[in-house]
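By convention here, the first residue in the shown sequence is residue 1.
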Amino acid sequence: MYHSKITGLGYYVPDNVVTNDDLSKIMDTNDEWIQERTGIQERRHVIRGEDTTTSMGVKAAKIAIERSGVAKEDIDFVVFATLSPDYYFPGPGVLVQRDLGLRTVGALDVRNQCSGFVYALSVADQYIKTGMYKNVLVIGSELHSTGLDMTTRGRGVSVIFGDGAGAAVLSREEDVTKGILSTHLHSEGQHAEELSLVAPGMGKRWVTDIIADNDPNDESYYPYMNGQFVFKNAVVRFSEVINEGLQANNLQVSDIDMLVPHQANLRISQFIQQKFRLTDDQVFNNIQKYGNTTAASIPIALTEAWEQGKIKSGDLVVLAAFGSGFTWGSVIIRW
């Protein structure tokens with residue numbers, strides 16, 4: 001059996017910076033209120049018509065592929081994680097295959113929201129471990145801004161999220177002491193509606209229902225989040241799944257060189273850092289600049305940490321995420 005190793009990383013965020021002060025001009029909020037609750041100072045929003053979830057993913061993927069040294073002709077499979085696809089169907093995976101000019105390789109879409117990139121890495125890892133594929137392109141990309149309620153009514157959610165994409169190329173590694181050591185995935189659908197966007201959906205409320213009702217107070221097609229409940233569950237599940245990954249590999253917290261958590265809320269990351277007694281040099285956060293980019297947050301943060309020299313060969317890197325579903329997971333990597 002093989003291991004899979006990240007051989008290339010890349011990210012892309014739109015140029016358009018939206019500060020907390022910018023948001024205060026269109027809704028009843030302010031910089032202090034947002035920073036106190038989330039740690040976010042600014043985020044990126046697309047200029048409508050200039051970028052899509054797919055185009056951002058493609059831009060991040062091109063950087064990752066170039067850095068990997070893998071020719072695009074040698075990419076065997078695509079895994080694309082997002083909650084904000086360009087179309088209801090088909091998913092963005094096939095659009096990436098088209099826009100990158102890849103061979104007619106398989107393309108899989110992952111719908112696991114904030115833990116989407118962790119799930120996508122796990123899927124890619126299994127394909128490589130079994131010998132089925134040699135090089136897999138994994139993308140996390142999100143375009144939130146055009147689907148948020150950018151009024152005072154929606155401020156509890158809309159101030160948190162930003163747009164962007166990150167990508168990684170996973171390649172076969174014959175040295176089983178290196179690369180992804182293990183992945184750990186969980187779900188608890190009992191709480192599915194606590195962080196959700198229920199319409200339009202075939203289950204309860206489709207576009208025809210929204211049009212027929214023509215209700216200006218309809219919030220069903222905007223994201224809903226029970227913030228305190230999500231926070232309480234997140235800090236528990238983050239801790240559990242990090243410990244699970246360490247124990248599976250006979251490792252200790254002291255072995256962690258870099259923890260890259262999903263950038264959900266700076267307060268969650270700080271809670272986990274304090275609980276595990278990690279230093280600032282052992283945890284990477286960039287939510288202050290980009291907000292919560294859901295499936296894109298880990299690959300963007302991982303890429304920036306690597307670019308800044310904070311991740312070196314031989315380091316133990318832990319990725320961990322929690323989000324809608326509820327779903328959560330971790331990836332343990334020997335760099």
Between [X] and [Y], is there a shared hydrophobic cluster once you connect ILVMFWY residues whose side-chain heavy atoms come closer than 4.5 Å?
X      : Y      : result
Leu181 : Val241 : yes
Val157 : Ile287 : yes
Ile298 : Met258 : yes
Phe161 : Ile26  : yes
Ile272 : Phe229 : yes

Taking [X] for its side chain and [Y] for its backbone only, find out whether a donor-acceptor pair lies under 3.5 Å.
X      : Y      : value
Arg237 : Phe322 : no
Arg155 : Asp28  : yes
Arg111 : Gly116 : no
Gln282 : Ile256 : yes
Ser324 : Leu195 : yes
Asn214 : Ile211 : no
Arg44  : Pro14  : yes
Asn30  : Glu32  : yes
Ser68  : Ile65  : yes
Asp315 : Val317 : no

State, without any angle test, whether [X] and [Y] hold a side-chain donor-acceptor pair at a distance under 3.5 Å.
X      : Y      : result
Asp86  : Thr54  : yes
His186 : Thr327 : no
His184 : Ser330 : no
Glu304 : Asn286 : yes
Gln126 : Tyr133 : no
Asn135 : Ser171 : yes
Thr279 : Asp281 : no
Glu50  : Asn16  : no
Arg205 : Ser220 : yes
Asp31  : Gln35  : yes
Glu42  : Asn20  : no
Asp149 : Thr151 : yes
Glu142 : Thr82  : yes

Practice item. State yes or no: are the ring centers of Trp206 and Tyr88 separated by less than 6.0 Å? Key: yes
Check this for me: [X], atom [atom1], are more than 12 non-hydrogen atoms of other residues, nucleotides or ligands nearer than 6.0 Å?
X      : atom1 : answer
Glu188 : CD    : yes
Lys178 : NZ    : no
Asp215 : CG    : yes
Asp280 : CG    : no

I want to check something: taking the side chain as every heavy atom from C-beta on, are [X] and [Y] in contact at a cut-off of under 4.5 Å?
X      : Y      : answer
Leu100 : Leu137 : yes
Thr303 : Glu307 : yes
Glu194 : Met225 : no
Leu266 : Asn285 : yes
Ile128 : Asp125 : no
Phe326 : Ser187 : no
Phe284 : Gln308 : yes
Ile300 : Tyr290 : yes

Provide the closest heavy-atom pair for [X] versus [Y] in the form atom of the first, atom of the second, distance.
X      : Y      : answer
Val159 : Arg43  : O-NH2, 2.7 Å
Tyr11  : Ile63  : O-CD1, 3.6 Å
Ile34  : Ile40  : CG2-O, 3.6 Å
Ser145 : Met150 : O-CG, 4.5 Å
Ser158 : Met27  : OG-CE, 3.6 Å
Ala321 : Ser115 : CB-CA, 3.7 Å

Give a yes or no on whether a salt bridge exists between [X] and [Y], defined as a side-chain N under 4.0 angstrom from a carboxylate O.
X      : Y      : value
Asp76  : Arg103 : yes
Lys134 : Glu173 : no
Lys59  : Asp51  : yes

Practice item. Run the numbers on Asn265 and Thr38 for side-chain hydrogen bond (donor to acceptor under 3.5 Å, both in side chains), then give the verdict. Key: CA-CA 5 Å; Asn265 186 311; Thr38 68; 5.7 Å; no
Practice item. Could you check Asp22 against Thr19 for side-chain hydrogen bond (donor to acceptor under 3.5 Å, both in side chains), going step by step and ending with a plain yes or no? Key: CA-CA 5 Å; Asp22 291 332; Thr19 67; 3.1 Å; yes
Exercise for review: Run the numbers on Ser84 and His144 for side-chain hydrogen bond (donor to acceptor under 3.5 Å, both in side chains), then give the verdict.
Suggested key: CA-CA 7 Å; Ser84 52; His144 294 117; 5.3 Å; no
Which distance, rounded to the nearest 0.5 Å, do you find between the [atom1] of [X] and the [atom2] of [Y]?
X      : Y      : atom1 : atom2 : answer
Gln228 : Asn233 : CD    : CG    : 12.0 Å
Trp328 : Phe238 : CH2   : CZ    : 12.0 Å
Thr53  : Leu95  : OG1   : CG    : 10.0 Å

Point to revise | Arg67 to Trp306 six-membered ring, cation-pi geometry met (6.0 Å, 45°) | key: no
Exercise for review: Would you sort out whether Asp209 and Lys204 count as a salt bridge (Lys or Arg N to Asp or Glu O under 4.0 Å), showing the intermediate values?
Suggested key: CA-CA 9 Å; Asp209 302 304; Lys204 292 184 178 180; over 6 Å; no
